[in-house]
There are 2 protein chains.
Amino acid sequence: MEVKEISQAVIGRLPRYFRYLGELKDEGVERISSQELSGLMKVTASQIRQDFNNFGGFGQQGYGYNVESLYREIGKILGLDKQHNFVIIGAGNLGRALGNYMNFERRGFIFKGMFDANPELVGKDVRGVKVMPMDQLESFIRENDIDIAVLTIPKTSAVEVADKLVANGIRAIWNFAHVDLNVPEGIQVENVHLSDSLMKLSYNINRYSSDMK
Amino acid sequence: MEVKEISQAVIGRLPRYFRYLGELKDEGVERISSQELSGLMKVTASQIRQDFNNFGGFGQQGYGYNVESLYREIGKILGLDKQHNFVIIGAGNLGRALGNYMNFERRGFIFKGMFDANPELVGKDVRGVKVMPMDQLESFIRENDIDIAVLTIPKTSAVEVADKLVANGIRAIWNFAHVDLNVPEGIQVENVHLSDSLMKLSYNINRYSSDMK
DNA sequence: TAGATTGTTAATCGATTAACAATC
DNA sequence: TAGATTGTTAATCGATTAACAATC
């Protein structure tokens, strides 16, 4: 069976398509051409058609794309039709902020548990979920069908915790710790390195002022 | 005066170089070759040399790169030797989490003010900074040499607030609102779309399981 | 049917990797 | 000097854009 590998460049654009299509759908727009979407999103119509055609012919010549069905298809491609249970490890400010964010639930991401090494935080409640001590992490992962672990702990403990997660069958790690994790093939890691992001911003601020006369 | 434009692909890798070099420096490593760094970071030595040479010849044939000075140079390129004042707009969970994060200060990013439209949050203290009402935002930006605004507000108000920021001389927006901002050329926007990031993770989880036999 | 717009192939552009002469 | 490793040019690879035949 032939497996055409989709590049991460394409994958990275799918959530943005999904967002625009969702908004169009909510506005009651029924159909859209790659040309119109191009104007809205400021990417080329050609790229839009190439991107969609990686996954099959969702459009119709002379008509364009049906917003509702394209929205649903992209959601399916992104796996948003499936439920993904997640736990948050690290009940600090960032971890609690993510736990309190309701919108993930709407996309099928279900907040199941929260863990922290600090005994003072254990027992606290974040949106109905009690913070558990770290020694319950491994059994909890195994017994509660947890797909995704959100790592909001200092980098000093992140590598060690990631190894435990992998050993207990986690499928993906959403890593907010400022360190590169080394996981076996097949385990997905998505890094959110906030300070890297801020540094890019800083570069571009300074580049711009020196470019200007 | 010739301006060689550095691609965002290169810029995006600089913070990671910076991080590895900082760790090497802390470990007391004095010099490193592109070959060694390649092994550590899992990118090609060729790419490392190309990347660095966009900014000048930091190395020495037969020796490699001096860790300390390369670290400092990259820091300078990223503008980390300059102070950047920032405000956070939106004192919800995420805004407060970012305000409480101390490590930005170490890199020259100084937390100067915080704003929220909700009167119940006004007056609250986040790491020594009092939450101010939105009607003080514009004068505060102008009078306190604010470079960067961190947007942690709902997307419904983000576009409007961004326009105000631009009108009052902001130079960069670190945008956590799930919407695309339209700003004039020269204003930098760095988006952190957390739900997009989570969707990518979701895609890769599902891709992997269907690829596997 | 005529017009519109896709799906897809071909051309272009840019980024990554390889190779090697320069040089410490 | 000989060996090591950069800086840089050339080759390759992959992603984006353009073009157009297929088709609704």
Side-chain angles (χ1 to χ4, degrees), chain A residues 2-17 20-21 24 29-74 77 200 203-204 207, chain B residues 2-17 20-21 24 29-74 77 200 203-204 207:
Chain A
E2 165 204 330
V3 177
K4 58 174 172 182
E5 190 64 43
I6 311 290
S7 82
Q8 288 297 312
V10 174
I11 307 313
R13 287 192 291 267
L14 292 182
R16 189 156 176 267
Y17 289 130
Y20 274 85
L21 289 164
L24 287 165
V29 178
E30 234 171 59
R31 55 173 282 255
I32 194 156
S33 68
S34 56
Q35 190 65 230
E36 292 169 295
L37 196 54
S38 161
L40 249 63
M41 297 186 61
K42 306 205 178 124
V43 297
T44 64
S46 196
Q47 181 165 75
I48 291 173
R49 294 202 300 278
Q50 287 277 24
D51 282 352
F52 293 169
N53 269 81
N54 281 301
F55 306 98
F58 297 143
Q60 195 166 301
Q61 282 100 327
Y63 170 86
Y65 300 87
N66 178 281
V67 170
E68 170 99 40
S69 93
L70 183 57
Y71 174 78
R72 206 172 36 241
E73 288 297 335
I74 294 181
I77 293 165
K200 271 194 276 176
Y203 171 88
N204 283 312
R207 176 193 59 117
Chain B
E2 165 203 329
V3 177
K4 56 173 175 183
E5 190 64 42
I6 311 290
S7 81
Q8 289 296 314
V10 174
I11 307 312
R13 286 191 291 267
L14 291 182
R16 190 156 176 267
Y17 289 129
Y20 274 84
L21 288 164
L24 287 165
V29 178
E30 235 170 58
R31 55 174 282 256
I32 193 155
S33 69
S34 57
Q35 189 64 231
E36 291 168 295
L37 196 53
S38 161
L40 248 63
M41 296 185 61
K42 306 202 179 127
V43 298
T44 65
S46 196
Q47 181 165 75
I48 291 173
R49 293 201 300 277
Q50 288 276 24
D51 282 351
F52 293 168
N53 271 79
N54 281 302
F55 305 98
F58 297 143
Q60 196 167 298
Q61 284 99 329
Y63 171 85
Y65 300 86
N66 178 281
V67 171
E68 170 99 40
S69 91
L70 183 57
Y71 174 78
R72 204 172 38 239
E73 287 298 335
I74 294 181
I77 293 165
K200 271 194 276 175
Y203 172 88
N204 283 311
R207 175 194 59 118

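Here is the naming used below: chain letters follow the sequence lines, and residue numbers restart at 1 for every chain. FYI, side chains are in, hydrogens and waters are out, and symmetry mates aren't considered; it's all heavy atoms of this structure.
In this structure, the CG atom of B/Asn53 is 15 Å from the P atom of C/dT16, given to the nearest Å. If you measure from atom CZ of B/Phe55 to atom C1' of D/dT6, you get 17 Å, rounded to the nearest angstrom. At whole-Å resolution of the value, CD1 in A/Ile48 and P in D/dT16 are 13 Å apart. Put simply, CG on A/Asp51 is 14 Å from C1' on C/dT8, counting in whole angstrom units. Rounded to a whole Å, the CD atom of B/Glu5 is 15 Å from the C1' atom of C/dA15. Computed from coordinates, the B/Gln61 CD to D/dT6 C1' distance equals 4 Å when rounded to whole Å. Rounded to an integer number of Å, the gap from CG of A/Leu37 to C1' of C/dT5 is 14 Å. Remark: C1' of C/dT6 and CG of A/Asn66 are 15 Å apart, rounded to the nearest angstrom.
Listed for the A/Arg16 side chain is a donor-acceptor partner under 3.5 Å among the backbone atoms of A/Met41. Remark: side-chain polar atoms of A/Gln47 are not paired, donor with acceptor, to backbone N or O of A/Thr44 under 3.5 angstrom.
With DNA chain D read from its 5' end, the first of the two nearest nucleotides for A/Tyr63 and B/Gly57 is the one closest to B/Gly57.
Donor-acceptor pairing under 3.5 Å, judged by distance alone, is present between the side chain of A/Gln50 and the base of C/dT9.
Judged by Watson-Crick or G-U wobble contacts below 3.5 Å, the nucleotide D/dA15 has C/dT12 as its partner. Of the nucleotides present, D/dT5 is the one that pairs with C/dA22 by Watson-Crick or G-U wobble criteria, both distances under 3.5 Å.
One finds a side-chain N or O of A/Thr44 lying less than 4.0 angstrom from the OP1 or OP2 phosphate oxygen of D/dT17. Here A/Arg13 reaches the OP1 or OP2 of D/dT16: one of its side-chain N or O atoms lies under 4.0 Å away. Residue B/Tyr65 has no polar side-chain atom (N or O) positioned under 4.0 Å from OP1 or OP2 of D/dA4. A close approach under 4.0 Å does not occur between any side-chain nitrogen or oxygen of A/Arg49 and OP1 or OP2 of D/dA18. Remark: B/Ser46 is not in phosphate contact with C/dT16, judged by side-chain N or O atoms under 4.0 Å from OP1 or OP2. The phosphate of D/dT16 has OP1 or OP2 within less than 4.0 Å of a side-chain N or O from A/Gln47.
Nearest heavy-atom pair, A/Ser34 versus A/Arg49, reported as atom, atom and distance to 0.1 Å: OG-NH1, 3.0 Å.
Picking from C/dT5, C/dT16, D/dT16 the nucleotide with the shortest atom distance to the side chain of A/Arg31 gives C/dT5.
With hydrogens and angles left out, the side-chain atoms of B/Gln8 and A/Asn204 include a donor and acceptor closer than 3.5 Å.
Between B/Phe58 and B/Phe52, the ring planes are tilted. Angles from 30° to 60° get that label.
As judged by a 4.0 angstrom heavy-atom cut-off over every strand, B/Phe52 is placed among residues making no nucleic acid contact.
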